[in-house]
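This report refers to the structure that appears directly beneath it.
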Amino acid sequence: MEKEIKLVCGESIDEVVDMLLKEKENGNHAFCNFNDVILHSDNVTLDSAYMAICGCSREEYFKKLKSSSDNSENDNKSVNADEELIQELFEVNAENAVRDMKMSKLLFLTKNGKFYSMIANEYIEKMSKYSTYCKEEEKENWTKKIKSLIYLAGEISDDYILCELRSKEYAGAIMEQLAKGVTMDDIKPIVSEQGHTGFTISLLGQNMINYSPYGLEFAEQVIGTYATKSQSELCKTYKKELKRRKSINLK
């Protein structure tokens with residue numbers, strides 16, 4: 001049975017790792033909770049602890065701190081840079097969610113029989129709010145898809161996962177605006193500011209058609225002929241949804 005090491009306040013990562021390794025030397029199995037990251041004496045190292053908590057090795061972490069310090073004008077700015085770095089590493093976004101889930105898998109951190117990542121869970125919860133704006137039959141599928149993408153971390157390319165998640169972030173934000181009564185004309189500059197390539201606008205269009213009740217209108221009025229009259233995958237998705245709607249209306 002693992003012994004829990006209770007932290008008081010202000011212990012550094014190095015100090016916590018040292019405590020765990022001493023327990024290991026004494027033949028004990030121990031763990032501790034450091035900022036919601038569980039570290040185990042059986043497999044902890046300085047680099048694995050820094051990777052789990054900060055997303056980089058100990059050497060890389062202190063290089064970043066030194067770089068931040070060198071570019072600061074005074075000690076106060078150096079402290080701020082340190083705090084900003086930590087805040088950036090723990091920010092709830094797609095990149096950190098994927099990174100944290102990969103680390104959970106490497107360290108085999110589980111909860112209720114599933115790999116557990118605090119940042120990933122918070123990101124899924126954050127993204128699930130957009131399910132409110134989805135078509136009724138797609139509300140549950142929206143959150144399921146977000147989860148499935150996150151849980152693919154470490155198994156397929158990060159770039160693929162992040163591209164899919166980012167597209168859903170864009171689609172979610174647009175669906176939310178449409179639900180508030182924003183017109184398609186007002187949506188156009190929002191889409192323009194998102195800075196799409198041909199591939200990402202196609203992916204956005206497919207997500208809108210698949211999940212949004214305004215998907216066809218978005219494809220027609222915002223994307224235009226590339227969505228409605230081309231040989232693209234987006235156009236195939238558009239025609240499939242158009243056919244589905246017509247069949248429903250005939251019933």
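From a predicted model like this one, the values you see are computed outputs, not experimental measurements.
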Using the rule that Ile, Leu, Val, Met, Phe, Trp and Tyr join whenever any side-chain heavy atoms are under 4.5 Å apart, tell me whether V17 and L109 fall into a single cluster.
no
Does atom CD of E136 have more than 12 heavy-atom neighbours, drawn from other residues, nucleotides or ligands, at distances under 6.0 Å?
no
Quick one: NZ on K129 to CD1 on I124, what's the gap to the nearest 0.5 Å?
15.5 Å
Closest non-hydrogen atom pair, I119 against V92:
O-CG1, 4.1 Å
List the steps and the verdict of side-chain contact (heavy atoms from CB on, under 4.5 Å) for E23 and H29.
CA-CA 7 Å; E23 291 289 341; H29 299 285; over 6 Å; no
Kindly give the heavy-atom pair with the smallest separation between V44 and A49, and that separation in Å.
CG2-CB, 4.1 Å
Do the side chains of Y151 and L106 join up, straight or via other hydrophobic residues, at under 4.5 Å, putting them in one cluster?
no
Using a 6.0 Å cut-off, check whether atom CD of E176 has over 12 heavy atoms from anything other than its own residue.
yes
Would the distance check show the side chain of T225 and the main-chain N or O of T228 forming a donor-acceptor pair, the cut-off being under 3.5 Å?
no
Charged N-O contact under 4.0 Å between K236 and E233
yes
At their closest point, which heavy atom of M175 faces which heavy atom of S212, and how far apart are they?
SD-CB, 3.5 Å
Restricting to non-hydrogen atoms, name the atom on A219 and the atom on I209 that form the minimum distance, rounded to 0.1 Å.
CB-CD1, 4.0 Å
Apply salt bridge (Lys or Arg N to Asp or Glu O under 4.0 Å) to D18 and list each qualifying residue two or more places apart in sequence or on a separate chain.
K22
Using modelled atom types only, decide if a donor and an acceptor are shared between the side chain of S131 and the backbone of S128 within a distance under 3.5 Å.
yes
d(I5 CD1, E2 CD) to nearest 0.5 Å is 10.0 Å
Does a side-chain heavy-atom distance below 4.5 Å link L178 with Y133?
no
How many angstroms lie between atom CZ of R166 and atom CG of N93, to the nearest 0.5 angstrom?
9.0 Å
Taking atom types as modelled and ignoring hydrogens, do the side chains of T45 and S48 form a donor-acceptor contact shorter than 3.5 angstrom?
yes
S202 side, atom OG; I223 side, atom CD1 - distance, nearest 0.5 Å
7.5 Å
Just wondering, do Y130 and I146 contact through their side chains at under 4.5 Å, heavy atoms?
no
Between E241 and K239, is the closest basic N to carboxylate O distance under 4.0 Å?
no
Looking at side-chain heavy atoms only, is the closest gap between I38 and L107 below 4.5 Å?
no
Write down the atom of S117, the atom of A97, and the distance for their closest heavy-atom approach.
OG-O, 4.4 Å
For H40 and F31, take the angle between the two ring planes, folded into 0 to 90°, and tell me which bin it lands in: parallel under 30, tilted 30 to 60, perpendicular over 60.
tilted
Donor-acceptor pair, T197 side chain versus T200 backbone, under 3.5 Å?
yes
Find out whether K6 and C32 are in side-chain contact, i.e. whether some heavy atom of one side chain is under 4.5 Å from a heavy atom of the other.
no
Hey, does the side chain of S167 reach the backbone of E164 with a donor-acceptor pair shorter than 3.5 angstrom?
no
Side chains of N33 and V37: does their closest heavy-atom pair fall under 4.5 Å?
no
The complete set of salt bridge (Lys or Arg N to Asp or Glu O under 4.0 Å) pairs with one or both residues in residues 209-229, sequence neighbours excluded, reads E217-R245
Atom pair OG1 (T183) and CD (Q177), whose distance is rounded to the nearest 0.5 Å
10.5 Å
Enumerate the ring-ring contact (aromatic ring centres under 6.0 Å, His included) contacts for residues 169-212, please, sequence neighbours excluded, ordered by first and then second residue.
W142-Y211, Y170-H196
Does the distance from a Lys or Arg side-chain N to an Asp or Glu carboxylate O, for R99 and E95, drop under 4.0 Å?
no
Please say whether more than 12 non-hydrogen atoms of neighbouring residues, nucleotides or ligands are located less than 6.0 Å from NZ in K139.
yes
Would a hydrophobic clustering, with Ile, Leu, Val, Met, Phe, Trp and Tyr connected at side-chain separations under 4.5 Å, put Y214 with I190?
yes
State, yes or no, whether a side-chain contact exists between I174 and Q194 at a heavy-atom distance under 4.5 Å.
yes
Treat each ILVMFWY residue as a node, draw an edge where side-chain heavy atoms are under 4.5 Å apart, and state whether Y238 and V191 are in one component.
yes
Please determine whether residues L165 and I201 belong to a single hydrophobic cluster, defined as Ile, Leu, Val, Met, Phe, Trp and Tyr linked transitively by side-chain heavy-atom distances below 4.5 Å.
yes
Between S41 and K24, what is the shortest heavy-atom contact and its length?
O-CD, 3.3 Å
Could you give the distance from NZ (K243) to OG (S247), rounded to the nearest 0.5 Å?
8.5 Å
So for atom CD, which belongs to E4, do other residues, nucleotides or ligands contribute more than 12 heavy atoms lying within a distance under 6.0 Å?
yes
Is there a side-chain contact between Y226 and L234 in this structure, where contact means two heavy atoms from C-beta onward sitting under 4.5 Å apart?
yes
Using a strict cut-off of less than 4.0 Å between a Lys/Arg side-chain nitrogen and an Asp/Glu carboxylate oxygen, indicate whether E138 and K145 qualify as a salt bridge.
no
Would you indicate whether the side-chain heavy atoms of K126 and E122 approach each other to under 4.5 Å?
no
Would you tell me whether K3 and N28 have side-chain atoms, one donor and one acceptor, within less than 3.5 Å of each other?
no
Does either side chain, that of D100 or that of Y116, offer a donor lying less than 3.5 Å from an acceptor on the other one?
no
Using a cut-off of 6.0 Å, state whether more than 12 heavy atoms not belonging to E137 lie near its atom CD.
yes
